[in-house]
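What follows is a short report on a single structure.
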Number of protein chains: 2
Amino acid sequence: MRRALADPDIEKRSEGPVPETFDPALEKLVEDIIGKVADKWTMLVIETLEENGTLRFTQLGKTVSGISQKMLTQTLRRMEEDGLVRRTVHPVIPPHVDYALTPLGRSLGKAFCGVWIWAEKHHDEIRRARAMFKAKG
Amino acid sequence: MRRALADPDIEKRSEGPVPETFDPALEKLVEDIIGKVADKWTMLVIETLEENGTLRFTQLGKTVSGISQKMLTQTLRRMEEDGLVRRTVHPVIPPHVDYALTPLGRSLGKAFCGVWIWAEKHHDEIRRARAMFKAKG
DNA sequence: ACAGACACTCTCCTTTTGGTGTGTATAAAT
DNA sequence: ATTTATACACACCAAAAGGAGAGTGTCTGT
């Protein structure tokens, strides 16, 4: 993926993860999506909803450790816009709104799973790498 | 993963991606790692190095579309610190430095692959969701 | 009459992020 | 003597991210 390089001896020996069609607009969209879904809060919200099923706003706020109200609202809105969560408003008083993952959101959760597992699996290796780096530079 | 919820009827029906030990410090480390590796530039650099193998600084700059020199240096340093890339300095003049993925970096690339594939696979669905959201709100 | 619950919104402020442009060391080439 | 190439570092500045806290509407409970 991604063209370029003025240098001739690079190129080929590629084998990108996905068979590409090299549409620059689509590429931009995909990068945009990646930029959004790879957001820390998005990932944590997905994880929380995966584990707990449907949750209300304040419950989410308590569960996603360290998130501010503002960020929670913002994250949820964007996720709703992208079709990752379904927002259900029950018109009662006091207000009752709950959030659940859509199938799309759940599929993203699975895709992320690989990264979580990677992090859990390799954190030791990373800590050692950091120590080495600090020690020798 | 992650405790809490004052609500009793939540809890259980969990089944997190990874068998946890609930060490809060480790959890923080993992979140920190996620926060760093899920960075846009990190992902793009990994992808570029995966496709092209060893590259020099300026080649990377040209290949990773839109990255500034500053961000490239910064990203590479952090990746080096975390053991994702190996930085090799050839003491010649003019300077020659090249970068390659470590096995750890390559394994992260594979983990990310799932997210890339997800994005490529579902971008249509997302576009439709966005259109719907704009239309009805 | 007043407080409380809920799901926000709005404003203010600080921190972080990231771009641009300039400087540097050194030797070879012009 | 000047230019070129390389891999940055550093300083300055604009924009974006994100936290804190107050406000809002409406009904219920005291």
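Every heavy atom of this structure was used, including side-chain atoms; hydrogens, water molecules and symmetry mates were not. Only a predicted model underlies this, so the values are computations on that prediction, with no experimental measurement involved.
- In this structure, A:His123 NE2 and B:Ile34 CD1 are separated by 11.5 Å, a value rounded to the nearest 0.5 Å.
- Set against C:dA27, C:dC8, D:dC8, the side chain of B:Arg87 has D:dC8 as its closest nucleotide.
- If you find the closest nucleotide of DNA chain C to B:Ile93 and to A:Pro94, the one lying nearer the 5' end belongs to A:Pro94.
- Proximity of a side-chain donor or acceptor of A:Gln59 to a complementary backbone N or O of A:Arg56 within less than 3.5 Å is detected.
- One can place CD of B:Gln69 at 12 Å from P of C:dG21, the figure rounded to the nearest angstrom.
- Note: CG (A:Asp39) to P (D:dA16) measures 16 Å, nearest angstrom.
- Using the six-membered ring where Trp is involved, B:His90 and B:His96 have ring planes that are perpendicular, over 60° apart on the 30 and 60° scheme.
- With sequence neighbours left out, the salt bridge (Lys or Arg N to Asp or Glu O under 4.0 Å) criterion links B:Arg130 to A:Asp32, A:Asp82.
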Extract all donor-acceptor atom pairs below 3.5 Å that involve side chains of residues 73-81 of chain A and protein atoms in other chains or at least two apart in sequence.
unit_1, atom_1, unit_2, atom_2, d
A:Thr73, OG1, A:Gln69, O, 2.7
A:Thr75, OG1, A:Met71, O, 2.6

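- Looking at which nucleotide of DNA chain D each of A:Pro95 and A:Lys70 is closest to, the 5′-most match is held by A:Lys70.
- In this structure, the nucleotide among D:dA9, C:dT11, D:dA7 sitting nearest to the side chain of B:Phe57 is D:dA7.
- In this structure, A:Arg87 places its CZ atom where more than 12 heavy-atom neighbours from other residues, nucleotides or ligands lie under 6.0 Å away.
- Looking at the side chain of B:Ser68, the nearest of the listed nucleotides D:dG19, C:dT20, C:dC6 is C:dT20.
- A donor-acceptor pair is defined here as one N or O able to donate and one able to accept, closer than 3.5 Å; such a pair exists between the side chain of B:Thr102 and the backbone of B:Gly83.
- The CE atom of B:Met71 sits 15 Å away from the C1' atom of C:dG21 (whole-angstrom rounding).
- Nearest-nucleotide mapping onto DNA chain D: of A:Ile67 and B:Asp98, the residue sitting toward the 5' end is B:Asp98.
- Listed in residue order, the members of residues 73-84 of chain A having a heavy atom less than 4.0 Å from DNA chain D come to none.
- The shortest distance between the side-chain N/O atoms of B:Arg56 and the OP1/OP2 oxygens of D:dA7 is below 4.0 Å.
- The interatomic distance linking A:Leu55 (CG) with C:dC6 (P) rounds to 14 Å, in whole Å.
- If you take NZ of A:Lys36 and P of D:dA16, they are 14 Å apart, rounded to a whole angstrom.
- Listed pair A:Thr58 / C:dA7 meets the phosphate criterion, a side-chain N or O lying under 4.0 Å from OP1 or OP2.
- If you measure from atom CG of B:Leu72 to atom C1' of C:dG18, you get 13 Å, rounded to the nearest angstrom.
- Between the NZ atom of A:Lys40 and the C1' atom of C:dT16 there is a distance of 13 Å, rounded to whole Å.
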